[in-house]
Amino acid sequence: MAITSSAKKAIRSSGRKRVFNARRKADLYKSTKAVRQAVTAKDAKKAEELLSTAFKAIDKAKKRGVIKANTAARKKSRLAAAIKKAQA
């Protein structure tokens, strides 16, 4: 357990950050899952509409350090490629 006041404060702040990061990560997974489901259902039009929300969630997660930059780029690329493949 933390003894110094700065260590106690660090525990409190990391707890708050954990909640925000968990929420961001959940949004990221929900939005990418929605795009993937639309792709598997062969609904390219709906998938394209959902793509912007997925990109927004990915970019926000990257900006705040929840995921790394290369991971974000990879996720965006794979989603776009999946939609392109579904359209063909």
Side-chain angles (χ1 to χ4, degrees):
M1 191 65 209
I3 296 171
T4 63
S5 61
S6 60
K8 290 176 184 176
K9 183 179 177 182
I11 288 173
R12 289 194 307 270
S13 66
S14 68
R16 284 191 298 269
K17 288 176 187 174
R18 183 179 166 276
V19 171
F20 284 112
N21 289 338
R23 192 177 305 147
R24 259 186 217 103
K25 202 166 212 176
D27 288 342
L28 171 75
Y29 288 132
K30 285 178 191 172
S31 61
T32 54
K33 187 175 182 178
V35 173
R36 291 274 180 205
Q37 286 176 339
V39 167
T40 55
K42 305 279 192 239
D43 192 357
K45 180 113 175 137
K46 184 179 178 185
E48 277 208 30
E49 292 171 6
L50 294 170
L51 188 64
S52 64
T53 59
F55 275 15
K56 184 177 176 183
I58 291 169
D59 287 336
K60 277 190 174 184
K62 181 190 85 168
K63 178 182 172 186
R64 302 314 261 150
V66 176
I67 60 174
K68 293 183 178 181
N70 284 350
T71 304
R74 186 179 67 244
K75 286 181 181 295
K76 288 166 72 172
S77 174
R78 287 182 181 172
L79 284 177
I83 290 175
K84 189 173 182 180
K85 187 177 178 184
Q87 288 175 341

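Reckoned from all heavy atoms, side chains included, excluding hydrogens, waters and symmetry mates.
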When you measure from the side chain of S14 to the backbone N and O of A10, does any donor-acceptor pair fall under 3.5 Å? yes
Between K8 and A2 the two heavy atoms that sit nearest each other are CE-O, 3.7 Å
Rounded to the nearest 0.5 angstrom, the CD1-CZ distance for I67 and R74 is 8.5 Å
Find out whether F20 and R23 are in side-chain contact, i.e. whether some heavy atom of one side chain is under 4.5 Å from a heavy atom of the other. yes
Would you name the heavy atoms of R24 and K60 that are closest together and state the gap between them? CD-O, 4.0 Å
Report all side-chain donor-acceptor pairs from residues 75-88 shorter than 3.5 Å, counting only partners two or more places apart or in another chain.
from : atom 1 : to  : atom 2 : distance (Å)
K76  : NZ     : D59 : OD1    : 3.0
Q87  : NE2    : E48 : OE2    : 2.2

Mind checking the CZ-NZ spacing from R18 to K25? Nearest 0.5 Å is all I need. 11.5 Å
Rounded to the nearest 0.5 Å, how far does CG of L51 lie from NZ of K56? 14.0 Å
Do any side-chain atoms of residues 28-37 form donor-acceptor pairs under 3.5 angstrom with protein atoms, and if so which ones, sequence neighbours left out?
from : atom 1 : to  : atom 2 : distance (Å)
S31  : OG     : D27 : O      : 3.0
S31  : OG     : L28 : O      : 3.0
T32  : OG1    : L28 : O      : 3.0
T32  : OG1    : Y29 : O      : 3.1

